[in-house]
Amino acid sequence: MTGNRTAALCNLGCKVNAYETDAMEKLLREAGYVIVPFDSPADVYVINTCSVTNMADRKSRQMLHRAKKLSPDSVIVAAGCYVQGAKAVDDAADLWIGNHEKNQLVPLLEKVLTERKKLQEVSEIGEIRDYEDMVIASAGERTRAFIKVQDGCNQFCSYCLIPYVRGRVRSRKIEDVVREIQELTEKGFQEFVLTGIHLSSYGTDFSGDAPKADQFGEEQLLELIESVHTIEGVKRIRLGSLEPRIITEKFVGKLAALPKVCPHFHLSLQSGCDDTLKRMNRHYTAKEYAEGVEILRRKYEHPAITTDVIVGFPGEDEREFGETVAFLENLQLFEMHIFKYSSREGTVAAKMPQSLTDREKSERSDVLEEMTIRQSAVFRKFYEGKRVSVLFEEEKEIGGKQYFVGHTPEYCMVAVEAEDALENRILDVWIEKEKDGIIFGKVDFSS
């Protein structure tokens, strides 16, 4: 036991990181630590870092130094992807742990506290073959829980460091996922997001052979989803980012037969130009991506399809960017997350000629940001005058008024005025209007 030791945690990066931060918090609580807010005095600060972009690296360093400045005598723990890929140890951290050591946080931390010496514990990522068991006791959100089911990636996109800091594909056993979700349903959670570093590769490692880059786990992933679907307390299932090539008639047909699966799909695109996609090592064409979108729209009435797009990739000239703009204008997606390309040392793309200025990347980003705002509004306006199902999450002030807000299965935010608390209730709502990214309506208590 640790007596009255306190610990504060900060998460940076993706939903997998968020899950692992919650799991590390659970380990600390079980060891007797009292968890406090990150801006409060604490004996230990844990920063779960990110390294997906140069900005993420910078933010990771900033948070380490912020914690050290806040409490110079405390133990600062740097964990995760920035740690895994860093070539030098930052003096602000007392304990460095890689992605494979997060489940060993407490014993490593106790060693640092006892010996009062800095410690670096980072496994060579190429040696990691087994899924690291970590579970959460609760989640940051009170109605929705993110469940990590897979780690690692074998895709090696030319711009990405993730395979080097997360390692090869490793999948979690179905029975372990089901057990964790059953425990969380008993605590009131109704919606679950199955997430991973490359979710479409789930289960491809179960045979014991190293999965290939073009190998996807359609059958294994469907088996996992079907198992979660049978859990009585589960009301909604969402899927993390999917590989466009996994979207087939067979795969989507089986998903559509499972009513708890939300019609909300994130298919990462990165570019709508085949020449750019080839340099990115993405292994599909814009036409194949569009065919996947069409399959989803045939199987679901009004599916929400979101994507990621990188602008300013090396070699992207006006023609290539113009093809991406025209492609996305034609697709009419629900939301796009736009990223300006930043070179990552150690990747293939870092050796390609960099031809665009930051200003030119920003100008291209602005074009797509305007497009996604416009297309998202069109998507939400579809629901005006219709009745939708909403899982309410929290009370929030909007325009000086108090509303309860939640999300539809398509992940559209809905706000209603209500006198009674609606948190964690699934209710039908009549939609009145769309405004500024939010749908407003009234609860249909008669349904």
Query raised in the report: What do the steps show when you test Arg364 against Glu318 for salt bridge (Lys or Arg N to Asp or Glu O under 4.0 Å), and what is the final call?
Result: CA-CA 10 Å; Arg364 293 184 180 186; Glu318 288 289 348; 3.7 Å; yes
Report task. Dump the intermediate steps for salt bridge (Lys or Arg N to Asp or Glu O under 4.0 Å) on Arg179 and Glu175, then the final yes or no. Result -> CA-CA 6 Å; Arg179 186 182 306 113; Glu175 55 266 33; over 6 Å; no
Query raised in the report: Could you walk me through whether Arg170 and Asp151 pass the salt bridge (Lys or Arg N to Asp or Glu O under 4.0 Å) check?
Result: CA-CA 5 Å; Arg170 306 178 303 284; Asp151 206 339; 3.3 Å; yes
**Report entry** Steps toward salt bridge (Lys or Arg N to Asp or Glu O under 4.0 Å) verdict (Asp275, Lys278)
**Finding:** CA-CA 5 Å; Asp275 291 336; Lys278 187 175 182 179; over 6 Å; no
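In this structure a side-chain-to-backbone donor-acceptor pair under 3.5 Å is missing from Ser376 to Ile373.
Screening Lys260, Lys235, Arg238 for a salt bridge (Lys or Arg N to Asp or Glu O under 4.0 Å) involving Glu191 leaves a single residue, Arg238.
When ring centroids are compared, Tyr411 and Phe334 stay outside the 6.0 Å threshold.
Using a cut-off of 4.0 Å between Lys/Arg side-chain N and Asp/Glu carboxylate O, Arg344 and Asp57 are scored as salt-bridged. Remark: Glu363 engages Arg359 in a salt bridge, criterion side-chain N to carboxylate O under 4.0 Å.
The salt bridge (Lys or Arg N to Asp or Glu O under 4.0 Å) check on Arg61 picks up nothing, with sequence neighbours excluded. In this view, His337 and His266 satisfy the ring pair (Phe, Tyr, Trp, His ring centres under 6.0 Å) rule, not counting sequence neighbours.
Listed here is the closest heavy atom pair of Gln150 and His198: OE1-N, 2.7 Å.
With Phe382 as the aromatic partner, Lys386 meets the cation-pi criteria of under 6.0 angstrom to the ring centre and within 45 degrees of the ring axis.
Side-chain atoms of His302 and Glu410 include no donor-acceptor pair closer than 3.5 Å.
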